[in-house]
There are 2 protein chains.
Amino acid sequence: MHVDLLACAVCHCLAARKQARALTRHYESRLRRHGLKATQFSVLASLALAGPTPMGELAELLGLERTTLTRGAALLEEKGWISAEKADDRRARPLRLTAAGRRKLDSAYPAWKAAQDSAATI
Amino acid sequence: MHVDLLACAVCHCLAARKQARALTRHYESRLRRHGLKATQFSVLASLALAGPTPMGELAELLGLERTTLTRGAALLEEKGWISAEKADDRRARPLRLTAAGRRKLDSAYPAWKAAQDSAATI
DNA sequence: CCACGATAGGTGTATCTACACTGAACGCAT
DNA sequence: ATGCGTTCAGTGTAGATACACCTATCGTGG
């Protein structure tokens, strides 16, 4: 099998990852002083918008692996920004935004907005 | 400051990260049996195309942080797929694809090609 | 020559990411 | 009621990612 190196240079995966890295650096440079990573901001915002949401459903919503959200949610819970509630289905642990989480989201919003509005310039 | 949750739902960063994650899963599901991650494949392919390249320049080329490449390159070097050479400038450590690295790239290429050709279906 | 800013690269630390595997609870069919 | 496949979530492990900070080397102006 002949390896087409030029084809490799236009790898869709690499391109998507490059752009995601660049955008992440752009957003996180502004979110940093609020102590938030890009993924953490989107978790808080999603919960604010959708209300209490089971882990699996939230992971699906954010397009990340369920087990990835497990780790990330644990960090947010330690900081007191979200809480895992009990549900009728005792397997489920619906995530809910706490009041502190809502305040964190509010305070970080202008930084996110600035990044969002200037994202096209990257 | 009023938080526009609907605006947060169309975060460019989240969108880019979602797509990058999905594409990465797609490519890595095929690269897995070759023991390669997406980033590792792009490092090998870039070195095959560009020849020996200093770390900083390669990081720039791949759009990733220089210190990120430091860790990734160490793993590839452990596996014997790349080697860090000595240069006239003793600070520099140009990375070079080894013969084993070239063989690894060759053997993984069909898997990458299959992922590339089916990437649009995600 | 040599001091000093510039440049190449590495380390400590923290988070993100995901697969393989595991445990627990659920619900249905018998 | 109970056995069993399904579903929800956590753990072990490994690599990706990046910032703040560090060391070593280089080149140049004085």
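All chains are named by letter (A, B, ...) in the order of the sequence lines, taking the proteins before the strands, and each is independently numbered beginning at 1.
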Completion exercise
For residues 10-21 of chain A, the side-chain hydrogen bond (donor to acceptor under 3.5 Å, both in side chains) pairs (sequence neighbours left out) are A/Arg17-B/Thr24, A/Arg17-B/Thr39
Distance-only donor-acceptor hits, side chain of residues 79-88 of chain B, under 3.5 Å, sequence neighbours excluded:
residue, atom, partner, partner atom, Å
B/Ser83, OG, B/Arg96, NH2, 3.1
B/Glu85, OE2, B/Arg96, NE, 2.6

Exercise for the section: Hey, could you give me each pair passing ring pair (Phe, Tyr, Trp, His ring centres under 6.0 Å) that has a residue in residues 46-78 of chain B? Not counting sequence neighbours. Expected result: none
Handout entry: Summary of ring pair (Phe, Tyr, Trp, His ring centres under 6.0 Å) pairs that have at least one residue in residues 34-72 of chain B, sequence neighbours excluded
Key = B/Phe41-B/Trp112
Exercise for the section: Mind listing the residues from residues 80-89 of chain B sitting with a heavy atom below 4.0 Å of DNA chain C? Number order is fine. Expected result: none
Exercise for the section: Kindly state which residues belonging to residues 34-49 of chain B come within less than 4.0 angstrom of DNA chain D, counting heavy atoms of the residue only, listed by number. Expected result: B/Lys37, B/Thr39, B/Gln40
Completion exercise
In numerical order, the residues of residues 50-61 of chain A whose heavy atoms come under 4.0 Å of DNA chain D are A/Pro54, A/Met55, A/Gly56
Where do N or O atoms of nucleotides 2-5 of chain D meet protein N or O atoms at under 3.5 Å, pair by pair?
none

Fill in the blank from the handout: A/Leu44 and A/Leu76 have their tightest heavy-atom pair at CD2-CD1, 4.4 Å
Practice task
Report the residues that fulfil side-chain contact (heavy atoms from CB on, under 4.5 Å) with B/Leu5, sequence neighbours left out, ordered by chain and then residue number.
Solution key: A/Ala48, A/Leu49, A/Arg102, A/Leu105, B/Val3
Completion exercise
In the 5' to 3' direction, the nucleotides of DNA chain C bounding the stretch that comes under 4.0 Å of a heavy atom in chain B are C/dA6 to C/dC19
Side-chain donor-acceptor distances from residues 57-66 of chain B under 3.5 Å, at least two apart:
residue, atom, partner, partner atom, Å
B/Glu65, OE1, B/Thr67, N, 3.0
B/Glu65, OE1, B/Thr67, OG1, 2.8

Produce the list of close N/O pairs, under 3.5 Å, pairing protein atoms with atoms of nucleotides 19-24 of chain D; give distances to one decimal.
residue, atom, partner, partner atom, Å
D/dC19, N4, B/Thr67, OG1, 3.0

